[in-house]
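In what follows, a single structure is set out as structure tokens and then discussed.
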Amino acid sequence: MQSAWLSALAFLVVSTLLGLGVLGAAKALRVRARKDSRIKHLTYECGEQPDGLAWMQFHARYYVVALFFVLFDVEAVFLFPWAVVLRELGAQAFIAAVSFVVVLMLGWFYVLRKEALQWQ
Amino acid sequence: MSALGHGALYGAVLIAVMLSTVAVGIWFERKFAGRMQSRLGPTIVGPMGLLQPLADVVKLLQKEDIIPAGADRALFNLAPVLATIFSLGVAAVLPLSPHMIAADLDIGVVYMLAVGGLMVVPTFMAGWASNNKFALLGGMRAVAQSISYGVPLVLAVLVPVILSGSLSLAGIVRWQSEHHWFALWPVIPGLPAFALYFMAMLAEANRIPFDIPEAESELVAGVTTEYTGAKFTLFYLAEYVHTLVGSAIGAALFFGGWDGPFAPGLHWMVAKTLALFVVVYWVRWTLLRLRSDQLMELCWKWLTPIGVALVLIAAAWVQFAPQGAL
Amino acid sequence: MGHINDTLRALWTTLRTAFRPTSTVQFPAVVRPRGERYRVSFALPDDENGEMACIGCLTCERICPSQVIKVKPGVKRESPVTGKKRAYTDDFVIDLSACIQCELCVQVCNNDAIVMVREAEQPMFEREDLVLGFARLRKNATDRTRSWGHGTMLQESQEPAKVEKKAPAVKAAPAVAAEPRQPAPRSPSRAAEPPEDGARARAREGARARRGGTDVSATLAFGVVAACALLSAVFVVRAVDLIRAVLWLGITLIATAALYAMLGASFLAGVQLLLYVGGVMTLMVFGVMITRRHEGIAPTATDTVRPVRGAVVAASLFGLVAAAIVNTDGLDDAPARALAPLTLADLGRSILVEHVLAFEALSLLLLAAIIGAVVIARRRDPGPLDEPTEASR
Ligand code: SF4
Ligand code: SF4
């Protein structure tokens, strides 16, 4: 098993080399500007002078979305080992997982009723 | 051959193949999009404009490299490289034919979901490091969208996992070649699960109709607003590779991967992948962009419960279907 | 259902269009003939007697919406051709740069004395060059092809009852043949070249025997990964910038996933990446992004000045984990156990048979977490008017 992980690691290393290679190639190829100017480095704000920092405050619903993602993913992650043994264990595993999912879907229903994921 | 050498060799070859496919794919997309809009598409560079992607790459690599004032330089430079790594890295577990797979992980499906899910990191990083309001807003939207659609994605992928009882992509394909393609049989969790997977994949790759994170008409170019030259190229590449690998995984999970008559397995896998890839373009040049709230409503109100229902149906099928029907 | 139907119809429409001939042609190679009614510039033609037809009546000058026509009427005199008395024009100027090509001037002229032509003027460098003078307008009458319309014909076509008129002298532009369509170039999607020789490229299980920490390279790998985890953890604490701290934490989490993978716990490694790096990190980033801060000040860790409290918490956590590890049974024969690693099926069996109660309890826990999240979300969201810094729509 570890050997497969090593292969995956090598694969990732090759992808990294590609990314760095493209940057390197660009470094060799690219045209250099004869003179630099402050204006060139201004961030793009539709031609206006950039106003303040870009780091603004975001709405709390972003956080809620991330929270629900984690919760539902935890659910899904527990279903993976279940999926593998489902055939072997039969009805008992099926009922256990169905009740697991149904309880969670109660939560989903509650979210829907309270409109916590409304993105107006 | 050692495991490392195996991975590196496969990585080099597969990545080279994917890059050339992407190059041809870009040409094809522009040509196809042109025809769909009753235009010619690229015609000048090379025969039928075939060398257009090459010209584009040369042009992009020659561009000046500008880092905006006030940017977090380290993260700004790191983000495109990470995007490349994560988008290409998913392909490691892709089974091309029964014996052709870079890293045959026994949990290939989880690896694919996890590494694909990591794409949110460079996306946010780029948005945040650019010190640009459009980029940050685009980055936040992209991340929120990716993680939201991550839920239906996982649920859709669970369906073939349940039906085959395997977490390895090769194992899932093998099961399909011994029984049926999941998109065809059992058709009820199979086909809708594929549709769910396809939509979630489009959303994860920020493709139309789910491209609100880089909505050109409102956010300039989303996270890539401040990127020039090679770094922009890498993001562009990552986006295409993401779609290509997503199509390949869809082909493996739902359309039996290498399974098919007459031709060798590899040919079937490539043909199915390209067919799905073309459908992505077809959708892209046909549909409109969904609004943010429609996006979230679609995901949480519809796709998530549908996904849960499909998972339960698949489990019930495994439990109760007569043995012959498998 | 309506949406799905519309989507499918749209897809069908684009697909059909893709296999039809295109509306556009490749311009310099293929020049599409201009339409019969194409009109860009002007000419002052002769009448049937070979004299300039314009009588300087100023009708066109008055009708022109852009007021770009200047006519200077001349004196009435006898025509040298017919001998009849008629009016003449001394000068005629059209400023093409502001003309909107409305053809009204042509339409109102009763004498068919102004017409439009199908060949465009050359591009100019100065605006003044686009002012067409008398000589140029006269020259256009012989040099260029006339457009389709002329005054009497246009007037006639708009009148309700038919009025008999003499045949127009202006020769019509030759009718244009139906535009030739470009044959559609078929675009074959080329299959990618496959990587060759996969037959003997199967991953082997040879590395399994080397597990157990005796191998030098394994120890080395462990050292590198552990160092990554620890170093990035230090950076998490040291970072002043909150976002950077979270990103460093991401590296710690990835290194932990690598440790799991090295120990043969593949599934756990995948879950670590999926849930912690993909999910929890996003959660933290979003947590930082929604905090309120003063205009122009980046998010920073403000609580770096209380190391003692932090140290106490860290030390007690360490003690707790260490105690748990020491008290775990069977750690001494860990290498022996590692030779028979837990498969995912073992995990599934364990969850669904031995720990099924915990599994069900977990769903209740998740339910509680969801409800908690909803409550927090509703409290955090005071409504649109209270949030002047609200940036996301
Ligand atoms: S061109 Fe026609 S309308 Fe204009 S002044 Fe001459 S005769 Fe009159
Ligand atoms: S075409 Fe219209 S705008 Fe142009 S000169 Fe004639 S009346 Fe004026």
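No hydrogens, no waters, no symmetry mates; every other heavy atom, side chains included, goes into these values. In what follows, chains carry the letters A, B, and so on, assigned in the order in which the sequence lines appear, proteins first and then strands, with residues in each chain numbered from 1.
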**Request:** Decide yes or no for Leu247(C) and Met281(C): does some side-chain heavy atom of the first lie under 4.5 Å from some side-chain heavy atom of the second?
**Result:** yes

**Prompt:** Can you say whether Leu106(A) sits under 4.5 Å from chain C via the side chain, the backbone, both, or neither, judging by heavy atoms?
**Reply:** both

**Prompt:** If you round to the nearest 0.5 Å, how far is CD1 of Ile351(C) from CH2 of Trp82(A)?
**Reply:** 12.0 Å

**Request:** Just give me the residue among Phe100(A), Phe80(A), Trp108(A) that pairs up with chain C most often, heavy atom to heavy atom, under 4.5 Å.
**Result:** Phe100(A)

**Message:** Donor-acceptor pair, distance only, cut-off 3.5 Å: does the side chain of Ser350(C) make one with the backbone of Asp346(C)?
**Reply:** no

**Intermediate values then yes/no, side-chain contact (heavy atoms from CB on, under 4.5 Å), Phe286(C) and Val64(A)** = CA-CA 9 Å; Phe286(C) 280 11; Val64(A) 178; over 6 Å; no

**Asked** Is chain C contacted by the side chain of Phe69(A), its backbone, both, or neither, given a heavy-atom distance below 4.5 Å?
**Response** side chain

**Request:** Please examine the side chains of Met284(C) and Leu242(C), heavy atoms only from C-beta on, and report whether any two atoms are closer than 4.5 Å.
**Result:** no

**Prompt:** Which atom names give the shortest non-hydrogen contact between Ala229(C) and Thr252(C), and what distance separates them?
**Reply:** O-CG2, 3.6 Å

**Request:** Return the option, out of Ser363(C), Ala221(C), Gly348(C), with the maximum number of heavy-atom pairs under 4.5 Å with chain A.
**Result:** Ser363(C)

**Request:** Tell me, out of Thr282(C), Leu362(C), Val285(C), Val356(C), who's got the most heavy-atom pairs with chain A below 4.5 Å.
**Result:** Leu362(C)

**Item:** Residue selection (most heavy-atom pairs with chain C, distance under 4.5 Å) from Leu9(A), Leu86(A), Asp73(A)
**Value:** Asp73(A)

**Item:** Residue among Ala76(A), Gly107(A), Ala8(A) with most heavy-atom pairs under 4.5 Å to chain C
**Value:** Gly107(A)

**Prompt:** Where on Leu283(C) is there a heavy atom nearer than 4.5 Å to chain A: the side chain, the backbone, both, or neither?
**Reply:** both

**Request:** Give me the ring orientation class for Phe359(C) and Phe78(A): parallel if the planes are under 30° apart, tilted from 30 to 60°, perpendicular past 60°.
**Result:** tilted

**Item:** Per-residue contact mode, Tyr276(C) against chain A (heavy atom under 4.5 angstrom)
**Value:** neither

